[in-house]
Amino acid sequence: MSKEEKPLCKWDKEEIKDNLKELKKLVSAPRFVCRKCARAARKEAVLCKPEPLDEKKGEK
Ligand SMILES: [Zn+2]
């Protein structure tokens, strides 16, 4: 069973515990941050309000 369809933001304690290994993969080397929940992940699909972490490129 994969949790990839469900945003990390919506995981509850049990899901985190049951999918800890996958969670670690998803949050390692994050490229996106959730603007709503302040979570970070490698794939934007797992965040409810993804925002690219490297968006500051070009600014200042
Ligand atoms: Zn979120």
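Remember, it's 1-based here, ligands and their atoms both numbered in the order they're listed. What you are looking at is a predicted structure, and each value in this text was computed from that prediction instead of being measured.
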Task: Shortest non-hydrogen separation from Pro7 to Cys48 and the atoms involved - done: CB-N, 4.1 Å
TODO: Please report the shortest heavy-atom distance between Lys49 and Lys36, naming the atom on each side.
DONE: CG-CB, 3.7 Å
- [ ] List the atom of Leu47, the atom of Cys9, and the distance in Å for their closest heavy-atom pair.
- [x] CA-SG, 4.1 Å
- [ ] Please report the closest heavy-atom contact between Val27 and Ala40, naming both atoms and the distance.
- [x] CG1-O, 3.4 Å
Task: Contacts of the Zn ion (ligand 1) with protein N/O/S atoms, counting only those under 2.8 Å - done: Cys9 SG, Cys34 SG, Cys37 SG, Cys48 SG
Open item on the list: For Pro30 versus Leu53, what's the shortest heavy-atom pair and its separation?
Closed with: O-CD1, 3.2 Å
- [ ] Verify side-chain contact (heavy atoms from CB on, under 4.5 Å) between Glu44 and Arg31, making sure each step is shown before the conclusion.
- [x] CA-CA 8 Å; Glu44 61 182 321; Arg31 292 175 49 221; over 6 Å; no
